[in-house]
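Written below as C-alpha cells is the structure these notes are about.
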Amino acid sequence: MEKFLDKVLCAECRSLQSYEIRTEQHKREWNGKIYTYNKRVAICRNCGQQVTVPGLDDLNESEFETKCRGECDYILVDEINDILIKYDVEKRPLSKVLGLGEHTIENYLKGQLPSKRYSDMLRRVLASYSYMQSFFNDNKEKMNKLAAEKIENKLKYYSYINSHNSPIESIALYILNSKYEITNMSLQKLLYYIEAFAQVLLHERAFDNRCEAWTYGPVYPEIYEKYKSFGRSQIIVDQIDLSDDLDPQMREVIDFVLTNFAIYNGVTLKDLSHSEAPWQNAHSGYSEKEHCTELISHEAITEYFSSVHQKYDLSKEIGVKRYIESLGVI
C-alpha cells in the first residue's frame, strides 16, 4: 500500500488540507489503442477541489502501463528486473548477452516498449535458464570476464536445481512444478507421503532413496541439500513438463498425495509426520531438538500405512481426510 502525505497544499484553500482519494474512469491511448482505466484522484476534504499529492501520478502511470502491458501480453518492467536478479547481471551485459544494442535493456526499464518479438524473447529468458544458456553460448565473448563468470555460475546453479537424473529427483521436480507453493520442508514431507502411498496403493517403491528422522520430520538428505539455498522460502524452478518421465499410475498417486497434503504448509506436514509411528520410532531416544539421522525404513513405512489403509481406505479422499483428522494436528 502506497504511503502518501497526510496533508497537501490546496490551491483553492491556500493552506494545507487533508484529502481523500477517489477512483475515476478515464480513457487514454497507449501503443495506438484506447484503454479505459481507473485513475486515482485526490480531492480536498474542505473545498472539494482536486489537489496534487506527490507520488500519486507516478502510481497512476505505473498501474496504467501495467494494465496495458498485461492486456497486450507485453513483458512488464518488473519482469525485466527479475531477469537481472535471476542471472545476477547488470543492464548492459544483459543487452550484450542477448545480442541487443548496449542500452536496450536500460531503455526498456525506463518504459520503452519492446517489440512483441523481443517481449516474448525476454519472457522466455526469464522462464527458461536453458534458453538463456543458448544466448550465453553465442555471445559470452562480447562480455567482460566478471559479468560472464557471474552469469555462468547462475546457469550452472539453475542447471543443477532443474536436473532430474533419478526417480526421486523427477518426482521432486514434478512437485515443484505443481500449482502449490512448496518449501524445502514441505517438499520433504510430500516425498515421504508419496513413498507411503505408492507402497500401499501400488505395492511398489516410488524410489529407493531413504529418508532420515530429522528434528523437523522425515527428510531425504540429497534432495534437502539440492534445494537448501532457498531456506524457508518457496522453491522456484523452471517450468518443465515431467509427465512423460513418470509412470501414469505413479503420477496418479503423486497427484492424489498433492491434492490431499500439499494444501498444508511445511510446519503442519511436519506435525503430521511427528504423529506417525515411522518417524516416532526412528527418532526414539533422541530429545525433541537433538540432531538425528536414523533411517526410516521402507518396511516401517509400509507396515504403518498399510494398517492405516485398512482402517481409513487411503485410496479415497474422504479416507485420507479422516485419517489426517484422527492425528489431532489440524
Side-chain angles (χ1 to χ4, degrees), residues 159-214 217-227 234-266 268-270 272-273 276-279 282 295-324:
S159 176
Y160 172 57
I161 67 170
N162 285 281
S163 63
H164 47 105
N165 301 313
S166 64
I168 193 171
E169 286 184 313
S170 293
I171 292 173
L173 206 54
Y174 183 86
I175 294 170
L176 295 174
N177 272 269
S178 70
K179 65 182 180 180
Y180 303 98
E181 292 186 5
I182 307 296
T183 64
N184 208 345
M185 183 184 287
S186 60
L187 175 62
Q188 301 303 320
K189 310 309 169 274
L190 292 170
L191 288 169
Y192 163 75
Y193 284 115
I194 286 167
E195 178 181 352
F197 276 66
Q199 299 266 54
V200 169
L201 302 181
L202 299 180
H203 305 291
E204 63 179 78
R205 293 181 179 179
F207 39 76
D208 291 327
N209 307 68
R210 295 304 335 112
C211 58
E212 298 177 355
W214 287 21
V219 170
Y220 298 85
E222 56 273 68
I223 300 299
Y224 172 83
E225 287 295 322
K226 186 173 184 178
Y227 297 107
Q234 179 184 358
I235 299 173
I236 304 295
V237 295
D238 287 10
Q239 289 297 306
I240 304 171
D241 185 0
L242 292 166
S243 300
D244 293 338
D245 287 30
L246 301 172
D247 174 81
Q249 286 186 310
M250 185 63 70
R251 194 169 69 245
E252 286 184 13
V253 169
I254 296 169
D255 289 339
F256 184 73
V257 169
L258 292 179
T259 297
N260 289 280
F261 289 91
I263 56 176
Y264 304 114
N265 62 31
T268 300
L269 293 174
K270 177 264 293 182
L272 291 176
S273 69
E276 298 166 338
W279 180 85
L295 295 179
I296 303 176
S297 69
H298 284 295
E299 292 72 23
I301 293 174
T302 302
E303 180 181 357
Y304 174 77
F305 281 96
S306 292
S307 65
V308 172
H309 182 42
Q310 289 180 350
K311 185 174 182 179
Y312 292 100
D313 189 0
L314 296 181
S315 67
K316 296 182 172 58
E317 288 191 22
I318 186 63
V320 177
K321 182 179 180 181
R322 287 172 178 167
Y323 166 63
I324 291 174

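As the structure is a prediction and not an experimental result, all values here were calculated from the model.
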Please report the closest heavy-atom contact between Leu242 and Ser170, naming both atoms and the distance. CD1-O, 3.5 Å
Do Met185 and Leu269 touch side chain to side chain, with heavy atoms closer than 4.5 Å? no
What pairs meet the salt bridge (Lys or Arg N to Asp or Glu O under 4.0 Å) rule with one or both residues in residues 312-321, with sequence neighbours excluded? Asp313-Lys316
Testing the basics here: between Ile223 and Ala172, what is the closest heavy-atom pair and its distance to 0.1 Å? CG2-CB, 4.3 Å
Listed partners of Tyr304 passing ring-ring contact (aromatic ring centres under 6.0 Å, His included), at least two apart: none
If you apply the rule side-chain contact (heavy atoms from CB on, under 4.5 Å), what do you find for His309 with Leu201, and how did you get there? CA-CA 9 Å; His309 182 42; Leu201 302 181; 4.0 Å; yes
Closest non-hydrogen contact found for Ser273 with Trp279 is O-CB, 3.5 Å
May I ask you to check whether over 12 heavy atoms, not counting those of Gln234, lie within 6.0 Å of atom CD? yes
Partner set under side chain to side chain donor-acceptor pair (under 3.5 Å) for Thr183, not counting sequence neighbours: Ser186
In terms of heavy-atom contacts, Leu173 and Ser163 come closest through CD2-O, 4.2 Å
Any Tyr174 side-chain heavy atom under 4.5 Å of His164 side chain: no
Under the ring-ring contact (aromatic ring centres under 6.0 Å, His included) test, which residues partner Tyr224, sequence neighbours left out? Trp214
Selection residues 180-209 - residue pairs positive for salt bridge (Lys or Arg N to Asp or Glu O under 4.0 Å), sequence neighbours left out: Glu195-Arg210, Arg205-Asp208, Arg205-Glu299
Which residues share a salt bridge (Lys or Arg N to Asp or Glu O under 4.0 Å) with Arg322, sequence neighbours left out: none
Got a sec: does the CD of Glu222 have more than 12 other heavy atoms crowding it under 6.0 Å? yes
If I compare all heavy atoms of Gln249 with all of Asp247, which pair ends up nearest, and what's the gap? N-OD2, 3.0 Å
When rounded to the nearest 0.5 angstrom, what is the spacing between CD in Glu276 and CD1 in Ile296? 9.5 Å
List for me each residue that meets ring-ring contact (aromatic ring centres under 6.0 Å, His included) alongside Phe261, sequence neighbours excluded, and say none if there are none. Tyr193, Phe197
Any non-hydrogen side-chain atom of Tyr192 less than 4.5 Å from a side-chain atom of Val219? no
Residues forming a side chain to side chain contact (heavy atoms under 4.5 Å, CB included) with Ala206, sequence neighbours excluded: Ile171, Ile194, Ala198, Met250
Listed partners of Arg251 passing side chain to side chain donor-acceptor pair (under 3.5 Å), at least two apart: none
To the nearest 0.5 Å, what is the distance between CD1 on Ile161 and CG on Asp238? 7.5 Å
Roughly how far, to the nearest 0.5 Å, is CG of Leu246 from CD of Glu252? 12.0 Å
Mark yes or no for whether Thr302, through its side chain, and His298, through its backbone, hold a donor-acceptor pair below 3.5 Å. yes
Can you tell if the side chain of Gln199 reaches within under 4.5 Å of the side chain of Ser306, non-hydrogen atoms only? no
Got a sec, which residues hit ring-ring contact (aromatic ring centres under 6.0 Å, His included) with Tyr323, two or more places apart in sequence or on another chain? Tyr312
Looking only at heavy atoms, what is the nearest atom pair of Cys211 and Ile301, with distance? SG-CD1, 4.3 Å
Applying side chain to side chain donor-acceptor pair (under 3.5 Å), can you list everything that pairs with Asn177, at least two apart in sequence or on another chain? none
Between Asn265 and Tyr180, does a side chain to side chain donor-acceptor pair (under 3.5 Å) hold up when you go through it step by step? CA-CA 10 Å; Asn265 62 31; Tyr180 303 98; over 6 Å; no
The side chain to side chain donor-acceptor pair (under 3.5 Å) partners of Asn184 (sequence neighbours excluded) come to Gln188
Look up atom CG in Leu187 and atom CD1 in Ile182, then write down how far apart they are to the nearest 0.5 Å. 7.0 Å
For residues Ile175 and Leu191, determine if any side-chain heavy atom of one lies less than 4.5 Å from a side-chain heavy atom of the other. yes
